[in-house]
Amino acid sequence: MLDIRTLLIIDDCAADRKIYRRYLLKDPHQSYQIFEADCAEEGLALCKKIRFDAILLDFCLPDMSGLELFDQMQQEIFKTSVPVIMLTGRGDEEVAVQVMKRGALDYLVKHNLTQNVLQLAVRNAIKQSCLQAQLSKTQERQRLIATTALRIRQSLNLEQILNTAVAEVQQLLKCDRVMVYQFAPDNDGKIVASSVESFRTIELCDRVGDRGLGAGDWGLGAGDKGTRRQGRQEDRELMNREDVSQCPMPNSQFPMPNSQSPIPYIYELGLCNCVSLKEQFNTNANLVVPINLSNNGNPTPKLWGLLIAHHNSGERQWQTDDAEMLNEVSVQLAIAIQQAELLAQTQAALAKEKQLNTFKSQIIATVSHEYRTPLTSILAAASTLAKHNQQLDESKQQRFLAIIEQKARYMSKLVDNMLLVNQFELEKPKFKPILLDLLQFFADLIEQERETTGDRHELIFQITGHTQGFWGDRGLLQQIFINLMSNAIKYSPDGGTVEFHLIGKESEVIFYIQDRGIGIPIKDQENLFQSFCRGSNVDTIPGTGLGLAIAKGCVELHGGDITLSSEVGQGTKVTVSLPKVFPISQLAPSST
């Protein structure tokens with residue numbers, strides 16, 4: 001079926017108008033709806049009411065010349081170009097050329113006019129006008145897209161990029177709102193930016209699971225079940241529509257529908273079998289395109305997320321131009337996202353390298369400082385034994401040997417601590433839980449401490465509740481105990497009691513170590529779980545500042561928590577809580 005074009009004939013001769021009408025209605029290639037006017041005034045009135053595809057304009061009119069009428073139409077009526085064909089008598093060719101210079105597309109001499117000539121002239125004029133209009137529209141679209149892309153890529157901050165993108169695209173498409181939806185590695189996802197602030201604050205925390213968000217779930221975020229459910233009806237309906245088609249895999253080339261027809265409201269989503277997402281976004285209010293990132297040379301791009309234009313305030317049929325613009329913006333947005341992610345990765349790598357360099361420097365400084373004193377003692381004891389072995393009685397020899405053994409053990413423990421902290425800094429140690437009898441486990445450790453601790457300290461062990469059914473890593477649990485207990489003893493230089501309390505509950509175990517030592521200033525307590533941090537009041541008490549950092553790392557591997565409370569001169573209490581059974585989902589990575 002041929003498109004019907006609307007045509008206006010302005011000529012004061014009724015016979016001529018009848019001939020032109022007859023000629024045009026016989027055109028086998030085009031159908032017309034023809035209007036007529038016999039003077040300039042009537043022609044102007046019609047042009048103000050109707051948008052014509054072409055105008056046949058006689059040069060000689062009773063109330064003004066065709067040239068004057070053409071100028072008036074250009075100034076008062078035509079915001080976009082309408083093809084005008086000037087009709088002239090013999091000898092008026094020069095005037096017709098002047099009209100063409102002002103914007104008319106063609107002129108015809110009445111005495112030479114035939115059916116084929118008129119049909120061809122009108123068809124060509126309409127075709128040329130359409131091409132010019134399309135070119136202008138394309139140029140304007142490219143200008144707008146380029147401006148939008150420039151604004152999007154002015155920043156390398158991902159949040160700012162996304163917020164700029166949704167604001168600019170909303171202006172570009174003149175729609176109600178624009179959103180960016182980001183997929184997560186677990187096939188989940190969330191809306192990470194929206195051009196409407198009230199909408200954005202509701203949706204930023206909302207996540208889409210296997211079932212998707214239905215009308216009853218719309219606007220419900222984690223931890224806020226009462227207030228967020230009260231969304232506007234159009235917000236609830238945005239995600240809750242029926243799936244209508246199977247979506248293909250992501251493709252950089254999108255097949256375009258006929259430019260004269262509205263496009264499907266879901267535009268070639270690269271989602272494969274994501275039915276829940278199609279149900280949410282596949283509505284006649286939404287136009288959706290994928291955001292595809294380059295995939296390290298892989299020809300198949302990585303589907304990062306979706307760019308969604310939403311319009312629900314009135315009737316709107318999305319056109320091909322809308323989809324093309326949204327798709328082109330998504331390409332520019334993908335480039336900006338990739339650049340931002342690359343910058344973030346580079347900055348993270350530099351920060352990590354700086355952290356490791358600082359850590360290595362601290363290790364070198366600590367080792368050089370902490371090794372010097374015990375090495376001096378070992379060398380002095382060994383030298384004394386070597387030079388004066390014959391003069392020393394057995395008790396003195398045993399005392400010097402004990403000094404060498406004690407200092408060597410200290411240095412060995414220092415090396416072990418350094419290696420363990422290094423593991424925590426680079427990659428977490430493997431967590432290997434087994435079923436433990438905590439009562440027997442800690443009783444053995446307490447007994448070992450009593451054998452090495454002098455008479456000035458009294459170790460008290462108390463147990464409450466049921467500790468059966470605990471799964472933990474024996475080595476890591478031993479590190480927690482040894483570091484916390486050695487700190488309690490070391491920072492109680494005047495002796496006294498050190499209490500170890502073990503409390504068994506239904507799903508967790510809690511233990512704490514309480515000393516009556518020098519305590520920790522409040523200003524130092526915040527950073528004590530960081531490597532190489534010590535209290536400002538330790539004075540000459542030796543130490544590396546690694547014990548609490550190691551204990552914290554071991555506790556976190558168990559999925560537990562560690563806290564500290566202390567008062568200067570009154571002592572310190574460190575409390576550890578551990579789940580009895582570690583989540584299976586978190587065990588999997590460490591088992592490889």
Just wondering, do [Y] and [X] contact through their side chains at under 4.5 Å, heavy atoms?
{"X": "Y20", "Y": "L113", "answer": "yes"}
{"X": "L118", "Y": "L56", "answer": "yes"}
{"X": "P28", "Y": "Q119", "answer": "yes"}
{"X": "V178", "Y": "L173", "answer": "no"}
{"X": "L44", "Y": "Q72", "answer": "yes"}
{"X": "T114", "Y": "Y23", "answer": "no"}
{"X": "F183", "Y": "K190", "answer": "no"}
{"X": "V122", "Y": "L24", "answer": "yes"}

Looking only at heavy atoms, what is the nearest atom pair of [X] and [Y], with distance?
{"X": "Q74", "Y": "R102", "answer": "NE2-O, 4.1 Å"}
{"X": "Y32", "Y": "L25", "answer": "O-CD2, 4.0 Å"}
{"X": "P301", "Y": "N292", "answer": "CB-CB, 3.7 Å"}
{"X": "R17", "Y": "A37", "answer": "CD-O, 4.0 Å"}
{"X": "L87", "Y": "D58", "answer": "O-OD1, 3.2 Å"}
{"X": "D3", "Y": "Q30", "answer": "O-NE2, 2.5 Å"}

Quick one: pull up [atom1] in [X] and [atom2] in [Y] and give me the separation to the nearest 0.5 Å.
{"X": "E36", "Y": "L8", "atom1": "CD", "atom2": "CG", "answer": "9.0 Å"}
{"X": "S65", "Y": "L57", "atom1": "OG", "atom2": "CG", "answer": "9.0 Å"}
{"X": "E42", "Y": "L61", "atom1": "CD", "atom2": "CG", "answer": "11.0 Å"}
{"X": "R5", "Y": "I126", "atom1": "CZ", "atom2": "CD1", "answer": "6.0 Å"}
{"X": "L69", "Y": "C39", "atom1": "CG", "atom2": "SG", "answer": "9.5 Å"}
{"X": "M325", "Y": "T320", "atom1": "CE", "atom2": "OG1", "answer": "11.0 Å"}

Query raised in the report: Is D11 salt-bridged to K110, going by a charged N under 4.0 Å from an acidic O?
Result: yes
Requested in this report: Verify side chain to side chain contact (heavy atoms under 4.5 Å, CB included) between L326 and V169, making sure each step is shown before the conclusion.
Outcome: CA-CA 8 Å; L326 195 63; V169 174; 3.6 Å; yes
Hey, does the side chain of [X] reach the backbone of [Y] with a donor-acceptor pair shorter than 3.5 angstrom?
{"X": "N163", "Y": "E159", "answer": "yes"}
{"X": "D63", "Y": "A40", "answer": "yes"}
{"X": "S129", "Y": "A125", "answer": "no"}
{"X": "K49", "Y": "L46", "answer": "no"}
{"X": "Q182", "Y": "G305", "answer": "no"}
{"X": "D16", "Y": "C13", "answer": "no"}
{"X": "S330", "Y": "N327", "answer": "yes"}
{"X": "N157", "Y": "Q160", "answer": "yes"}

Query - Close aromatic pair by centroid cut-off 6.0 Å: F35 and F52 - result: yes
Query raised in the report: V180 and L307: side chain to side chain contact (heavy atoms under 4.5 Å, CB included), yes or no, with the steps?
Result: CA-CA 5 Å; V180 174; L307 183 59; 3.9 Å; yes
Requested in this report: Could you tell me which residues satisfy salt bridge (Lys or Arg N to Asp or Glu O under 4.0 Å) with D38, sequence neighbours excluded, listed by chain and number?
Outcome: none
Query raised in the report: Between D106 and N124, does a side chain to side chain contact (heavy atoms under 4.5 Å, CB included) hold up when you go through it step by step?
Result: CA-CA 9 Å; D106 202 354; N124 286 342; over 6 Å; no
Name every donor-acceptor pair, under 3.5 Å, that has one atom in a side chain of residues 331-341 and the other anywhere in the protein, sequence neighbours excluded.
{"unit_1": "Q332", "atom_1": "OE1", "unit_2": "R153", "atom_2": "NH1", "d": "3.0"}
{"unit_1": "Q338", "atom_1": "OE1", "unit_2": "S294", "atom_2": "N", "d": "3.2"}
{"unit_1": "Q338", "atom_1": "OE1", "unit_2": "S294", "atom_2": "OG", "d": "3.1"}
{"unit_1": "Q338", "atom_1": "NE2", "unit_2": "S294", "atom_2": "O", "d": "2.9"}
{"unit_1": "Q338", "atom_1": "NE2", "unit_2": "S294", "atom_2": "OG", "d": "3.0"}
{"unit_1": "E341", "atom_1": "OE2", "unit_2": "W304", "atom_2": "NE1", "d": "3.0"}

Query - Distance-only side-chain donor-acceptor flag, D176 / H310, under 3.5 Å - result: no
Query - Member of D53, L105, I55 meeting the side chain to side chain contact (heavy atoms under 4.5 Å, CB included) criterion with V82 - result: I55
Report summary line: salt bridge (charged side-chain N to carboxylate O under 4.0 Å, His left out) pairs touching residues 113-124, sequence neighbours excluded, are D27-R123
Query raised in the report: Yes or no on side chain to side chain contact (heavy atoms under 4.5 Å, CB included) for V192 and Y181, after CA distance, side-chain angles and deciding distance?
Result: CA-CA 6 Å; V192 293; Y181 180 94; over 6 Å; no
